[in-house]
Amino acid sequence: MKLAHVNDDDTPDTPASADSRDGLTAPVRRSELVRHIEAHGPVRLEELVDMFRVSAMTIHRDLDYLAREGLIERVRGGARAKPHPFAEQDVRLRRVTRVALKNALAAEAALLIRPGDVVAFDDSTTVAAMLAHLGERAPSAVVTHALGLMRELTLTHPQITLVGLGGQYVLETDSFLGAVVVEQLSRVSADVVFVSTTALKNDALFHPDAAAAETKRALLARADRTVLLLDDTKFEGKGLYHVADLADFDDVVVNAELAPEHRASLDALAARVPTLQIHYVSAPTGG
C-alpha cells in the first residue's frame, strides 16, 4: 500500500526536467541509486545530490522509499547496501534497468521462434521483453512460471495458449519457484526455451537462489532448443548455485560491448562446441 507521504512517487512536485538527471524517471533513478550504493556504499546524501543533480529533499524521499522496500539501509547522512552478497536484485528495479539493451537482446532472441513453436520463458526481465515480439513470431503456446508475464500475455496475445506454472510465489522475482514448479514441468515439453541468469563464470551459469536455479534447470531440460540471453554485467555478477554450462546451450544472445577477454572466451567456446552459436547484438545508443 502506498503511504500518503510518498505520493510524489508518481506525481513529483517539480517538473521532470528539474527533478531528474538526463530525464530519468523516479523508478529509474531509484534503480540507479541502488546500483550505485551497492557498488560504492556507504555513500553520503551530498554525493548523491551532486551525482543525480536533484534536490536533497528528492534524494531523502528516494532513500526513505528504498529503505522501506528493503532495498538499502539508511545510515546517518546517507545510505549503505543491504548485506546480501548472494541476493538477486529486486524485479521492480530490474524492470527499469538497461531497458533499451534488454529490448535489443529480446528482439534478436525472438527471431529464433518459429511459427507454431511451443516456447518456454523463465522469469528474467530480459526474457520478458520478448513478449512484444510474439505477435509477429506466432508461437502456438507459452509455458512460464513468471506471474507478470502471464498477466501481460493474456492481455496482449489472447490467441496464444498459456501454460502457467504455479507453486510458491516469490515477490522479489514476481514468479513461482521451487519443487512444485519443477514437478509441473515434468509434464510438459517445449520446442525452445529462453532463460537468463545472474552470473557467468568459468563458462557456467550461476544464480544466488537455490529454488530459482532449480527451476531454470528444469525449464532447460524440457526443450529441444535452449537459448541464453546475456549482457555484459553478468560476467561480474554473483551466484552460488549452478544452473547450466554454456556448452549446454544452442544459442547465446549477448551484447557486443564485452570486455575483450570475455568476448574471446565466448568465441573460443563456440569454436570448441560446434552446436553453440553466439549472437552479438550492438547496444542501442544510450542503452
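Only a predicted model underlies this, so the values are computations on that prediction, with no experimental measurement involved.
- Panel note: side chain E257, backbone A283; a donor-acceptor pair is recorded below 3.5 Å.
- With hydrophobic clusters built from ILVMFWY side chains whose heavy atoms lie under 4.5 angstrom apart, V180 does not share a cluster with L219.
- Taking the side chain as every heavy atom from C-beta outward, V195 and V243 never approach each other to under 4.5 Å.
- The side-chain heavy atoms of L269 and V252, taken from C-beta on, include no pair separated by under 4.5 Å.
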### Task
List the steps and the verdict of side chain to side chain contact (heavy atoms under 4.5 Å, CB included) for F194 and V253.
CA-CA 10 Å; F194 298 88; V253 182; over 6 Å; no
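- By the 4.0 Å N-to-carboxylate-O rule, R225 lies too far from D250 to be salt-bridged with it.
- Side-chain atoms of L165 and V143, non-hydrogen and from C-beta on, do get closer than 4.5 Å to each other.
- Figure legend: cation-pi geometry between R30 and Y65, with NZ or CZ positioned under 6.0 Å from the six-membered ring centre and within 45° of its axis.
- Side-chain contact between D174 and R151 is present, with heavy atoms from C-beta onward closer than 4.5 Å.
- Checking side-chain atoms of T198 against main-chain N and O of H207 turns up no donor-acceptor pair under 3.5 Å.
- Counting heavy atoms from C-beta outward, L200 and F206 have side chains that stay 4.5 Å or more apart.
- When atom types are taken as modelled, the side chain of T126 and the backbone of K102 share no donor-acceptor pair closer than 3.5 angstrom.
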### Query
Going through the checks in order, is the side chain to side chain contact (heavy atoms under 4.5 Å, CB included) test met by T197 and S124?
CA-CA 7 Å; T197 193; S124 66; over 6 Å; no
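- Taking the side chain as every heavy atom from C-beta outward, V254 and V281 never approach each other to under 4.5 Å.
- At least one donor-acceptor pair under 3.5 Å links the side chain of R222 to the backbone N or O of V188.
- Without hydrogens or angle criteria, D231 side chain to T233 main chain gives a donor-acceptor distance under 3.5 Å.
- M130 places none of its side-chain heavy atoms less than 4.5 Å from the side chain of L105.
- Contact annotation: the side chain of V273 never approaches that of F249 to less than 4.5 Å [non-hydrogen atoms, C-beta and beyond].
- Side chain of D209 to main chain of A211: a donor-acceptor pair is present (N/O by atom type, distance under 3.5 Å, no hydrogens or angles).
- Distance alone, capped at 3.5 Å, places no donor-acceptor pair between the R217 side chain and the A244 backbone.
- Side chain of R74 to main chain of G78: a donor-acceptor pair is present (N/O by atom type, distance under 3.5 Å, no hydrogens or angles).
- Each of L111 and V193 belongs to its own hydrophobic cluster when Ile, Leu, Val, Met, Phe, Trp and Tyr are linked at side-chain heavy-atom distances under 4.5 angstrom.
- Note that the CZ atom of R80 and the CZ atom of R44 stand 13.5 Å from one another [nearest 0.5 Å].
- The main-chain N or O of L229 is found under 3.5 Å from a side-chain atom of S196 such that the two form a donor-acceptor pair.
- Rounding to the nearest 0.5 Å places CD of Q159 at 8.0 Å from CG of L153.
- Residues L149 and L134 are members of one and the same hydrophobic cluster, defined by side-chain heavy-atom contacts under 4.5 angstrom among Ile, Leu, Val, Met, Phe, Trp and Tyr.
- Transitive grouping of hydrophobic side chains (ILVMFWY, heavy atoms separated by less than 4.5 Å) keeps Y241 and V170 in distinct clusters.
- Here the CD1 atom belonging to I160 is positioned 12.0 Å from the CZ atom belonging to R137, to the nearest 0.5 angstrom.
- Between the side chain of Q184 and the backbone N or O of G166 there is at least one donor-acceptor pair closer than 3.5 Å.
- For the atom pair CG (N255) and CG (L230), the distance works out to 8.0 Å, reported to the nearest 0.5 Å.
- The aromatic rings of F235 and H262 lie parallel to each other, with less than 30° between the two planes, well short of the 60° mark.
- Closest heavy-atom contact between I72 and A79: CD1-CB, 3.8 Å.
- Here CG of D62 is found 8.5 Å from CZ of F52. Values are rounded to the nearest 0.5 Å.
- Cluster annotation: L66 and M51 are assigned to the same hydrophobic cluster (Ile/Leu/Val/Met/Phe/Trp/Tyr, side-chain heavy-atom contacts under 4.5 Å, transitive).
- Taking every heavy atom of both residues into account, L220 and T226 meet most closely at O-CG2, 3.7 Å.
- For the residue pair T144 and M150, the shortest heavy atom distance occurs at O-CE, 3.3 Å.
- P139 and I113 make their closest contact through CB-CG2, 4.1 Å (heavy atoms, listed as atom of the first residue, atom of the second, distance).
- Nearest heavy-atom pair, F121 versus H145, reported as atom, atom and distance to 0.1 Å: O-CD2, 3.9 Å.
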### Task
Please test L131 against H157 for side chain to side chain contact (heavy atoms under 4.5 Å, CB included), starting from the C-alpha separation and ending with a verdict.
CA-CA 9 Å; L131 191 67; H157 302 293; 4.2 Å; yes
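- Across every non-hydrogen atom of A120 and A190, the tightest pair is CB-CB, 4.0 Å.
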### Task
Take S189 and V118, measure what side chain to side chain contact (heavy atoms under 4.5 Å, CB included) needs, and give me the verdict at the end.
CA-CA 8 Å; S189 66; V118 175; over 6 Å; no
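- Note that CG of L63 is 5.5 Å distant from CD1 of I37, once rounded to the nearest 0.5 Å.
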